[in-house]
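Notes for the one structure printed next.
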Amino acid sequence: MNMKRGLITLLAALLCIAAAAQERQPQPGHAETTHETGTERPAADDVRPEAASAPRRSGKPGSGAKGGPTDGRIAPVPAAAPAAGEVLSLRECLEKGLERNYDIRIVRNEERITDNDATAANAGMLPTIDLSAGYGSNVNRIRTTPREGDVTTAKGVYDGTFDAGVALNWTLFDGFRIRADYRKLQELKEKGALQTRLTIEDFIASFTAEYYNFVQQTLRLENFRYAMALSRERLRIAEAWYHVGSSAQLDVLQARVDFNADSSQYMSQQEAVVASRIRINELLANEELDRRFLVRDTVIAIDDALQWDVLVAETRTANAELLMADRDNAISELELQSIRSRNYPYLNLTAGYGYTHNRYGSGTTRMRGQLGLNAGLQVGFTIFDGNRRREQRNARLNVENTQLTRLRLEQSLMADLSNFWQAYRNNLEVIQLERENLVAARENYRIAMDRYLLGDLSGIEMREAQKSLLDAEERILTAQYNTKLCEISLQQISGNVTAYMQ
């Protein structure tokens, strides 16, 4: 009796090993390779999640080995539709985004406005020339009483005047206000260019982070798909053991629960992939937000050659926000200079050339015409206006505030740079540690699977080995993405984020 039971057990083990080997054998078009170690994993078409509701049973639970625990098949769930469309690299995406992103297009138009405003005429350096013409007339009743003689009365006396001319007004000097305003317009022009650069850098940083988030979510989806394949293999083995009477129904039910849980996790991860894809299309200003595409990067590439001294030096000299703070400081000083110009006199030049024609309805002169040039200089000085001192005090305080703001910004940037640097270095070490953990987790799973096939390991212990493998893959993926985010932030703060365009 014991020999017969041993033969049955051995036969069941051989059947399970054969089924597992057939399951793990890759088929053309039905296998994929992981990005980290190249381990072949079943494709989505080979993974069929269990339905949420319990399948129907032909008999009572545990009624024998013929019917098995269930008579229904594992209900398939539609796998993720394969991504269609063009294959894009990070550089190609950034080039398209710089052309089509709405924020960048808006800020470029604003930069053009500041360019158009930075002219000598807008600063008041050029004169104004006016051309004017007019005609006026009147009809009067004139009553004249001389000292001697009779009173005379004239009715319907018509007088008319026509004039036309060109007038020039030019402020030659107003206490250096015009020069200060012109320099202020030039500073605003440079600030507009820096604002465009800052917006572009923000876009590059945001898009690069989302691009690698899409890579991360895609890799996580593959990990969950692999977990489904492992759970499916475990479920089939448990069913095979149950069929030959070497396993209890509880093991089969537990394997089915674990498989359904992995299937649910896989389907939930599909939503994260779709959300990341929609965000990328939004940043690229695509009309079709759910447009499918593929990315060339299959791993999260990390630049581990960043140097602290170089980052600090470039932050202090090339950071766009610090450069804009310098422009704000210069603008506030020019505004103070413009207010101080009221302490000086002003000099205006006026000139004109015109013609005047008068027609008289009474008197000895019938008509008269004048054609000529006129010119003049006007010198003035504002002695008191009630606001000059107050405005100067406020302008000096504004200059001091811009200087303090610049110092505060520099300190804040250096603090952020230091924090991201520490996280960057720490995550690099975490990645190295997690790579070792991943190798150990895979070896642990392989040993656990061999023992499980021989019936020397329980289903719960097998699940723990599987979960340890999935957790190791998740930890290294998270560490890689966090390191990439730190790298992007360091490049952005130091003004080198455009390196991702290369």
Side-chain angles (χ1 to χ4, degrees), residues 32 34-36 41 43-45 47-49 52 76-105 199-229 260-302 423 427 470-471 473-489 492 497 500:
E32 58 181 329
T34 61
H35 302 289
E36 184 65 26
R41 300 180 177 179
D45 294 339
V47 180
R48 299 182 179 179
V77 175
E86 57 184 337
V87 180
L88 299 175
S89 66
L90 176 60
R91 179 179 178 181
E92 293 171 345
C93 291
L94 290 176
E95 290 176 350
K96 290 184 178 182
L98 292 178
E99 295 178 359
R100 293 151 48 174
N101 182 266
Y102 292 115
D103 292 335
I104 295 178
R105 291 164 64 181
T199 303
I200 291 175
E201 290 181 353
D202 289 341
F203 168 77
I204 294 176
S206 300
F207 186 87
T208 304
E210 189 59 43
Y211 177 89
Y212 283 105
N213 179 52
F214 181 77
V215 175
Q216 175 195 214
Q217 299 299 340
T218 303
L219 292 174
R220 184 173 287 116
L221 182 66
E222 294 178 1
N223 290 339
F224 289 158
R225 184 184 304 165
Y226 183 47
M228 288 174 56
N260 288 341
D262 291 339
S263 302
S264 176
Q265 194 173 30
Y266 172 76
M267 289 183 287
S268 299
Q269 180 59 27
Q270 289 178 328
E271 298 179 8
V273 174
V274 172
S276 181
R277 182 173 68 241
I278 292 175
R279 176 58 179 163
I280 289 178
N281 284 320
E282 180 184 5
L283 291 173
L284 293 178
N286 289 330
E287 294 183 359
E288 186 181 356
L289 292 178
D290 197 24
R291 180 180 179 181
R292 293 180 177 270
F293 55 85
L294 296 174
V295 295
R296 296 187 186 277
D297 294 88
T298 56
V299 294
I300 301 178
I302 299 173
N427 280 310
L470 184 61
D471 290 343
E473 292 177 336
E474 175 65 22
R475 286 196 305 270
I476 192 173
L477 184 59
T478 302
Q480 288 174 341
Y481 182 65
N482 290 338
T483 307
K484 192 63 180 181
L485 291 182
C486 293
E487 174 198 321
I488 295 172
S489 299
Q492 183 180 13
V497 74
Y500 295 110

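Along the sequence shown, residues carry numbers from 1. Here the structure is a predicted model, which means the values were calculated and not measured.
Between atom CG of residue D297 and atom OG1 of residue T218 there is a gap of 11.0 Å, rounded to the nearest 0.5 Å. The line from CG of N286 to CD1 of I278 is 12.0 Å long, rounded to the nearest 0.5 Å. Atoms CG and CD, on D471 and E473 in that order, are 9.5 Å from each other to the nearest 0.5 Å. Of the inter-residue distances, the one linking L98 atom CG with I204 atom CD1 reads 5.5 Å to the nearest 0.5 angstrom. Note that the CZ atom of R475 and the CG atom of L470 stand 10.0 Å from one another [nearest 0.5 Å]. Rounding to the nearest 0.5 angstrom, the gap separating the CD atom in E487 from the CG atom in N427 is 11.5 Å.
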Kindly determine whether E92 and R296 satisfy side chain to side chain contact (heavy atoms under 4.5 Å, CB included), including the steps that lead there. CA-CA 10 Å; E92 293 171 345; R296 296 187 186 277; 3.9 Å; yes
Between E282 and R279, is the salt bridge (Lys or Arg N to Asp or Glu O under 4.0 Å) condition met? List the steps. CA-CA 5 Å; E282 180 184 5; R279 176 58 179 163; 3.2 Å; yes
Would you sort out whether L477 and I300 count as a side chain to side chain contact (heavy atoms under 4.5 Å, CB included), showing the intermediate values? CA-CA 8 Å; L477 184 59; I300 301 178; 4.1 Å; yes
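Listed here is the closest heavy atom pair of L485 and A209: CD2-CB, 3.6 Å. In this structure, C93 and L284 approach most closely via the heavy-atom pair O-CD2, 3.2 Å. What you find for D262 and M228 is that their closest heavy atoms are O-CG, 3.6 Å. Across all their heavy atoms, A285 and R100 have their closest contact at CB-O, 3.2 Å. Across all non-hydrogen atoms, the minimal contact from R220 to T478 is NH2-OG1, 3.7 Å. Looking at every heavy atom in both residues, L283 comes nearest to F203 through O-CE1, 3.6 Å.
Side-chain atoms of F293 and V87, non-hydrogen and from C-beta on, never get closer than 4.5 Å to each other. Side-chain contact check for Y481 versus V215: every heavy-atom pair is 4.5 Å or farther apart. Inter-residue side-chain proximity for Q216 and L219 is flagged as unmet; no heavy-atom pair is nearer than 4.5 Å. Counting heavy atoms from C-beta on, the side chains of R277 and V274 come closer than 4.5 Å.
Aromatic rings from Y500 and Y212 are positioned such that their centres are separated by 6.0 Å or more.
A salt bridge is absent between E99 and K96; no separation between the charged side-chain nitrogens and carboxylate oxygens falls under 4.0 Å.
Of the possible polar contacts, one joining the N281 side chain to the R291 backbone as a donor-acceptor pair under 3.5 Å is found.
When each of Q217, E210, E271 is paired with S276, the side-chain hydrogen bond (donor to acceptor under 3.5 Å, both in side chains) condition holds for E210 and for no other.
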